[in-house]
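As structure tokens, the structure follows; a few thoughts come after it.
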Amino acid sequence: MTTFADLGLSPKVLDAVEAAGYTIPTPIQAGAIPHALQRKDVLGIAQTGTGKTASFVLPMLTLLEQGRARARMPRTLILEPTRELAAQVEENFVKYGKNHRLNVALLIGGVSFDDQLRKLERGADVLIATPGRLLDHFERGKLLLSAVDILVIDEADRMLDMGFIPDIERICKLIPFTRQTLFFSATMPPEITKLTEQFLHSPVRIEVAKAATTAKTVEQKLVKSGKKDWEKRAILRDLIRAEADGLKNAIIFCNRKKDVSELFRSLVKHEFDAGALHGDMDQRARTTMLANFKDNKLKILVASDVAARGLDIPDVSHVFNFDVPIHSEDYVHRIGRTGRAGRSGKAFTLVTQADVKYLASIEKLIGEDIVWYDGDLSTLPVSNEPDEAPRRGRGGRDKPAPKRRRNEGRERERPQSEIDIIAAAEKAKDIEVEPLDDQPVIRTADKPNKVAIKTENEQRRARPAAARPEQRPEPRRDHRRDRDDMGTAPIGFGDEIPAFMLIDTKI
DNA sequence: AAAAAAT
């Protein structure tokens, strides 16, 4: 049998692999590593969970042992579709690079430039990036790609889904064509094939395990639900309680970020040990949530499809689909978060009347009918307790709250990112969160009820003024105008806003 | 009916 020692990796790398407890490579590793070490281009067709990341990290470490990085000229570049995946690859370099002295820089959005600039300046051996932030650095002239020797494009099909292909093409053209390219994709749609023809030179093709099949160790169930969100939330709570025994940890997927936030708040209110993860949360909250979930400090993670693919969260016992995914492949990815490595897992999907057509395409894709849940949730002792949505009112229990107009009575609410980060902080206990009353709020002139929450930077700048409210109790709010209807007044003029800035140009 | 990513 092939072991890591047979693949041609350097002693330093082998030692780290051994320390991590691995001896036998996965098929993609056994297939890709020897070719990568011979500086060949590799086209790896592999799903998440196949050991794909190590199949490029390990040979890269070996190859990087010769040579040194120069300032602003990284030697290797890895492109990832999401920030979390990029961070995860960085962790792999830390783990397997423990015997090396390599500079690894992570260039992702949502965090400050300063750190990233410092690392670039110092000379990065490995650059791990999401396309947007990478190009941002490049355009600022902080980065030269002319010394990149190895380029890795990971999760190419997902980059395609996310509209990154033009960026990828642009980046590829900035890197010398004498480079070595390692290219990974779970599927090979025509656009991806075209990309590989354009940017790979006679690659070695390695293909492992087919997509679009769900692990046989996952028990899948459908659960009927009414279409109202509060009905779905009630059923979900009952379901979680019914499953409490075997539920070690769970991911709950929603189709929309808004629903992730709402469901998360609802679950916390009902005292479930829950966190949230979606792309509009600030990066700090995202990172904290994910870390806590991985460390089992959080039992339940409510997530958008950011978490559906690629993230290395081992051994999730349950997946709940709060919504039926619109694209059937997403179903496969979502439930692929459980039942990994031959373990058993359970996947429940809430289904409303309107979801039937999506369900049909899922069943067609996975080639089997999913059975309906036959447990009786209504007999559970704690079932049917009131949700936060139904309000008492005229005639009213078990009726959902009347739809509140968008900006009505919002002044005391915090933006979702704040709520998320507070919850994350409560779990983590290591992040300082400002008290609620410090939250600066601006009313815009044209829509007095519209409340705008400043960005972090704006808050920082606004704080001294907010600390002396008596000097300007309720200034100008009647004649201030906001730009772009974003709800933020011009910043930095103190009381002396030039008149032209107050003119409404949108007539 | 969506999400992801630069600001």
Side-chain angles (χ1 to χ4, degrees), chain A residues 48 78-88 106-114 116-117 128-143 153-171 186 225 227-229 232 251-263 276-283 286-287 290 301-311 321-334 337 349-362 416-417 454-458 483-484 486 488 491:
Chain A
T48 307
I78 300 167
L79 293 172
E80 294 287 336
T82 69
R83 300 171 187 174
E84 276 76 14
L85 281 171
Q88 197 169 284
L106 182 63
L107 302 192
I108 59 173
V111 293
S112 101
F113 275 86
D114 300 348
Q116 300 179 353
L117 286 174
I128 307 160
T130 45
R133 184 57 74 94
L134 180 87
L135 287 169
D136 199 344
H137 278 287
F138 183 80
E139 279 158 12
R140 290 166 189 232
K142 303 298 182 192
L143 175 63
I153 297 169
D154 198 13
E155 304 260 340
D157 51 349
R158 197 163 174 211
M159 303 245 201
L160 172 73
D161 290 346
M162 291 167 64
F164 281 166
I165 297 304
D167 287 348
I168 300 299
E169 286 177 331
R170 208 180 134 204
I171 294 165
S225 170
K227 67 170 195 275
K228 302 279 193 229
D229 280 353
K232 293 173 87 173
I251 303 181
I252 305 171
F253 285 103
C254 301
N255 285 359
R256 279 162 296 229
K257 291 180 279 202
K258 172 176 84 65
D259 294 321
V260 171
S261 297
E262 284 174 11
L263 178 58
L277 185 68
H278 67 67
D280 279 355
M281 287 164 48
D282 26 313
Q283 193 53 41
R286 281 170 75 163
T287 309
L290 187 61
L301 186 68
V302 188
S304 67
D305 281 312
V306 228
R309 306 188 205 186
L311 287 192
N321 288 314
F322 186 74
D323 301 302
V324 177
I326 296 167
H327 294 300
S328 46
E329 325 86 72
D330 287 335
Y331 178 84
V332 179
H333 290 296
R334 287 181 182 185
R337 308 276 81 200
T349 302
L350 299 194
V351 183
T352 70
Q353 203 61 47
D355 296 325
V356 174
K357 55 179 180 294
Y358 301 117
L359 184 60
S361 77
I362 289 168
Q416 187 53 43
S417 63
K454 295 176 174 182
T455 64
E456 277 178 34
N457 267 335
E458 289 164 345
R483 280 173 295 172
D484 303 330
M486 291 296 284
T488 48
I491 303 281

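Naming convention: chains lettered A, B, ... in sequence-line order (proteins, then strands); numbering from 1 in each chain. Computed from a prediction, not measured in an experiment: that's the story for all the values here.
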remark   = Protein-proximity profile, nucleotides 1-7 of chain B, B/S/- by nucleotide at the 4.0 Å heavy-atom cutoff, equals BBBBBBS
Taking only distance into account, with no hydrogens and no angle test, what donor-acceptor pairs under 3.5 Å do side-chain atoms of residues 164-171 of chain A form with protein atoms, sequence neighbours excluded?
from, atom 1, to, atom 2, distance (Å)
R170(A), NH1, E139(A), OE2, 3.1
R170(A), NH2, E139(A), OE2, 3.1

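- For H137(A) and F113(A), the ring centers are positioned less than 6.0 Å apart.
- Atom-to-atom distance recorded for E329(A):CD and R158(A):CZ is 12.0 Å, nearest 0.5 angstrom.
- Remark: of the listed residues D259(A), D323(A), T352(A), D323(A) is the sole one forming a side chain to side chain donor-acceptor pair (under 3.5 Å) with K232(A).
- D330(A) meets the salt bridge (Lys or Arg N to Asp or Glu O under 4.0 Å) test with R309(A); sequence neighbours excluded.
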